[in-house]
Amino acid sequence: MRHSPLIRIGVRIVFCAIAFLVLAATALTLWAHTLRADEDTIWGVDFSESQATYLGLNPAEVYSAIIHDLGSKHIKIHINWNATEAVEHQFDFTSLDAEVREAEANNVKLILVVGMKTGRWPECHTPSWFANIAPEDREAEIIRYTSTIVGRYKNSKAVEYWQVENEPFIKFGTCPGWYYKTETSVLAAEVAAVRAIDPSRKIIISDSGELSSWSEAAKVGDIVGITT
């Protein structure tokens, strides 16, 4: 039996209306879930002293503004090896000490990023003297440096997590080729050293949000940090 054109048009309108309602209901449900997720989301700020300097800003003023003007209660600090140990076995903790103290005084929680590759270009912030270290001694030097940082700040109430290296499985930046070779990777040794010094805190291993399956990072750390 054939229906008139008006009936066929009416059926189509009803079908489209039902489809629209289904899509609208789905969208509203997802939106509601997003709102609930946002209520539980903790927002924080990435801070890099070298990046602030690169932009022609005073790092101490930027850091203070993040806390007092922006009101952030969660900050991730990228610690650069070439700044904290520019001269072999001579550490300069002047700015980092001040940042940790200011966080403590204002109930700010910190993620301290330690290691050889800690984010912002050129990613691997090794001091110039490290180029003269023999290949067989590289791991010991990196672990010594990382252990020194962790040992110094493990008793700070501001430190919430340690992040060991930054995207250690992603070949980005001016890092040497040996850094990414699994047979010479020091990541696992670094994590073990951090755990031994401070077993009370969880360790973050970051990974690319687009260029990785995150599985390798999950094998090493307690928390996988995804960057986009």
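Worth knowing before you read on, the calculation uses all heavy atoms, side chains too, and leaves out hydrogens, waters and symmetry mates. Predicted model, so just to flag it, every value in this text is computed and none were measured.
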Give a yes or no on whether the backbone of [Y] and the side-chain of [X] come within a donor-acceptor separation of less than 3.5 Å.
X    : Y    : result
K117 : E167 : yes
T227 : D207 : yes
S212 : S208 : no
E61  : Y63  : no
K202 : E160 : no
W81  : F130 : no
K73  : N106 : yes
R201 : K154 : yes
Y180 : I170 : yes
W178 : P135 : no

Could you pull out the closest heavy-atom pair between [X] and [Y], with the gap in Å?
X    : Y    : value
P59  : T53  : CG-OG1, 3.3 Å
I226 : G209 : CG2-CA, 3.4 Å
I142 : V186 : CD1-CG2, 4.0 Å
A158 : V100 : CB-O, 4.3 Å

Measure the shortest side-chain to side-chain distance between [X] and [Y] over non-hydrogen atoms and say whether it is less than 4.5 angstrom.
X    : Y    : value
Y161 : I203 : no
L187 : V220 : yes
F172 : W121 : yes
R195 : D222 : yes
P168 : Y179 : yes
S156 : E104 : yes
F93  : I149 : yes
V62  : F47  : yes

Is there a donor-acceptor contact under 3.5 Å linking the side chains of [X] and [Y]?
X    : Y    : answer
E102 : S64  : yes
T174 : E123 : no
S128 : N82  : no
N166 : H78  : no
E190 : T146 : yes
D198 : Y153 : no
Y145 : T84  : yes

Evaluate the side-chain contact (heavy atoms from CB on, under 4.5 Å) criterion for residues I77 and I79: first the C-alpha distance (whole Å), next the side-chain angles of each, then the deciding distance (0.1 Å), finally the verdict.
CA-CA 6 Å; I77 300 178; I79 305 171; 4.3 Å; yes

In terms of hydrophobic clusters joined by side-chain contacts under 4.5 Å, are [X] and [Y] together?
X    : Y    : result
I42  : V113 : no
V114 : I143 : no
I111 : V108 : no
V45  : L96  : yes

Starting from the C-alpha separation in whole Å, work towards a yes-or-no answer on side-chain contact (heavy atoms from CB on, under 4.5 Å) for M116 and R138.
CA-CA 11 Å; M116 174 174 161; R138 290 170 183 156; over 6 Å; no

Could you tell me the separation between the [atom1] atom of [X] and the [atom2] atom of [Y], rounded to the nearest 0.5 Å?
X    : Y    : atom1 : atom2 : answer
R120 : N80  : CZ    : CG    : 10.5 Å
L55  : S50  : CG    : OG    : 9.5 Å
E139 : E141 : CD    : CD    : 11.5 Å
E216 : I205 : CD    : CD1   : 11.5 Å

If you measure from the Lys or Arg side-chain nitrogens to the Asp or Glu carboxylate oxygens, is any gap between D137 and R144 under 4.0 Å?
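Between R144 and D137 there is no salt bridge, as every charged N stays at least 4.0 Å from the carboxylate O atoms.
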
Would you call R152 and D97 a salt bridge, using N to O less than 4.0 angstrom?
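Looking at R152 and D97, the cut-off is met.
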
Given V224 and I204, is the side-chain contact (heavy atoms from CB on, under 4.5 Å) satisfied, shown in steps?
CA-CA 6 Å; V224 177; I204 298 172; over 6 Å; no

Kindly indicate, with the supporting measurements, whether the criterion side-chain contact (heavy atoms from CB on, under 4.5 Å) is fulfilled by V87 and F91.
CA-CA 7 Å; V87 178; F91 287 89; over 6 Å; no

So does Y54 have more than 12 non-hydrogen atoms from other groups sitting under 6.0 Å from OH?
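Counting neighbours around OH of Y54, 12 or fewer heavy atoms of other residues, nucleotides or ligands fall under 6.0 Å, so no.
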
